[in-house]
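Inspection log for the structure reproduced underneath, given as structure tokens.
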Amino acid sequence: MSQKTKVVVTRQLNGAAQTLLESHHELEIVQWNSEKPAPRPWLLQNAPGASGLLVMLSDTIDAALLETCTPTLKTIASFSVGTDHITLPLLKTHNIRLGYTPTALTSAVADTAIMLTLMAQRRAGEAVASVKAGEWPAMPWAPQLLTGPQIAGCTVGFVGFGRIGQAVLKRFVGFGVRRAVYLTSRPGEVAKVDYFDVLGGKAGIEAVPARGWEDLGRESDVVVLGCALTESTRHFVGREFLALMKRTAVLVNVARGPVVDTEALVEALREGRIFGAGLDVVEGEPNVPADHPLLKEPRCVLLPHIGSATIETREQMAEESVRNLLAGLSGEAMVNEVEL
Ligand SMILES: O=CC(=O)O
């Protein structure tokens with residue numbers, strides 16, 4: 001029998017992270033060596049006997065999977081900030097540590113939120129599509145051509161105001177937003193953030209907790225979803241919320257698809273009840289066929305979940321995931337560990 005410690009890695013990793021992993025000769029590395037997701041049967045077949053798993057957000061770590069590898073499994077390293085693909089209470093029950101990569105991707109995702117806000121407000125999706133369709137000659141420069149609301153002077157509503165929400169606000173200050181309101185499940189932590197005080201006090205903008213979701217919906221010109229997907233945030237943006245939003249407001253989702261009720265959003269866009277949407281994620285992804293109803297909405301920009309996809313960020317996520325895996329096996333401190 002092998003004396004080595006078995007780890008299962010569900011994706012190809014970049015050079016530095018792979019080298020670090022392979023430098024640990026005490027490990028037996030079973031790896032899905034592809035850029036594409038590991039098929040579920042492959043994971044179920046290879047997980048037995050593993051002490052560690054390095055997984056992606058596309059891998060579902062549930063009771064059926066854990067049954068195959070407890071009691072050997074000591075640790076999981078997730079190449080993500082979100083952990084909704086993992087049944088967390090089971091990890092606690094089985095004493096399995098969980099590492100993740102929240103700090104590595106904050107800037108990249110915050111940048112994506114800004115990009116989506118501007119694209120939704122300034123109708124970038126419609127504009128690019130019309131040029132590509134050869135329509136520019138028929139729509140020469142005109143005072144009202146493709147106009148949209150401007151970001152300066154806006155009130156931004158944050159649903160979820162952790163690292164990413166705060167980094168988005170930091171960027172928005174440079175664009176001249178006037179006010180920020182937020183909903184957070186961790187008010188104590190938010191109150192302690194230093195630069196939050198700086199933005200709220202000295203930068204001449206106000207940043208305050210929303211009185212409730214209704215007020216956030218009513219007051220915001222831009223709604224940024226940056227929360228975790230939980231039972232209380234699932235379909236947070238549904239018909240009721242959308243009905244409160246301003247006709248000139250845009251919705252930005254850099255969180256998880258199911259935070260938004262897609263049908264309700266399609267209806268609101270179709271009826272012009274909100275101005276537009278900038279989405280990095282959507283319910284049911286990646287199964288988004290070309291005839292998906294959201295793609296028929298000209299005021300909707302949809303990206304294929306690339307919020308953290310800068311070269312530097314993905315390299316850092318890979319390396320931190322390997323470090324978390326190794327720390328979980330050796331009992332040392334992880335770069336970032338989920339408190340279970
Ligand atoms: O969505 C991306 C992540 O959770 O890292």
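Quantities reported herein were computed from a predicted structural model and do not represent experimental measurements. Heads up: numbering here begins at 1 and tracks the sequence. In each ligand, atom 1 is the first atom listed, and ligand 1 is the first ligand listed.
- At least one donor-acceptor pair closer than 3.5 Å links the side chain of Arg97 to the backbone N or O of Ala327.
- Relative ring orientation between Phe161 and Tyr182 is described as parallel, the plane-to-plane angle staying below 30° on a 0-90° scale split at 30° and 60°.
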Could you tell me, for ligand 1, which of its N or O atoms are under 3.5 Å from any protein N or O, listing the pairs and their distances rounded to 0.1 Å?
residue  : atom  : partner : partner atom : Å
ligand 1 : 1 (O) : Arg256  : NH1          : 2.7
ligand 1 : 1 (O) : His305  : NE2          : 2.6
ligand 1 : 4 (O) : Val81   : N            : 3.2
ligand 1 : 4 (O) : Gly82   : N            : 2.8
ligand 1 : 4 (O) : Arg256  : NH2          : 2.7
ligand 1 : 5 (O) : Val81   : N            : 2.9

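- For Leu44, the side-chain contact (heavy atoms from CB on, under 4.5 Å) partners at least two apart in sequence or on another chain are Arg40, Leu65, Thr68.
- Identified under the ring pair (Phe, Tyr, Trp, His ring centres under 6.0 Å) test for residues 120-142, with sequence neighbours left out: none.
- For the atom pair OG (Ser321) and CG (Leu326), the distance works out to 10.5 Å, reported to the nearest 0.5 Å.
- Not counting sequence neighbours, the partners of Glu22 by the side chain to side chain donor-acceptor pair (under 3.5 Å) test are Gln18.
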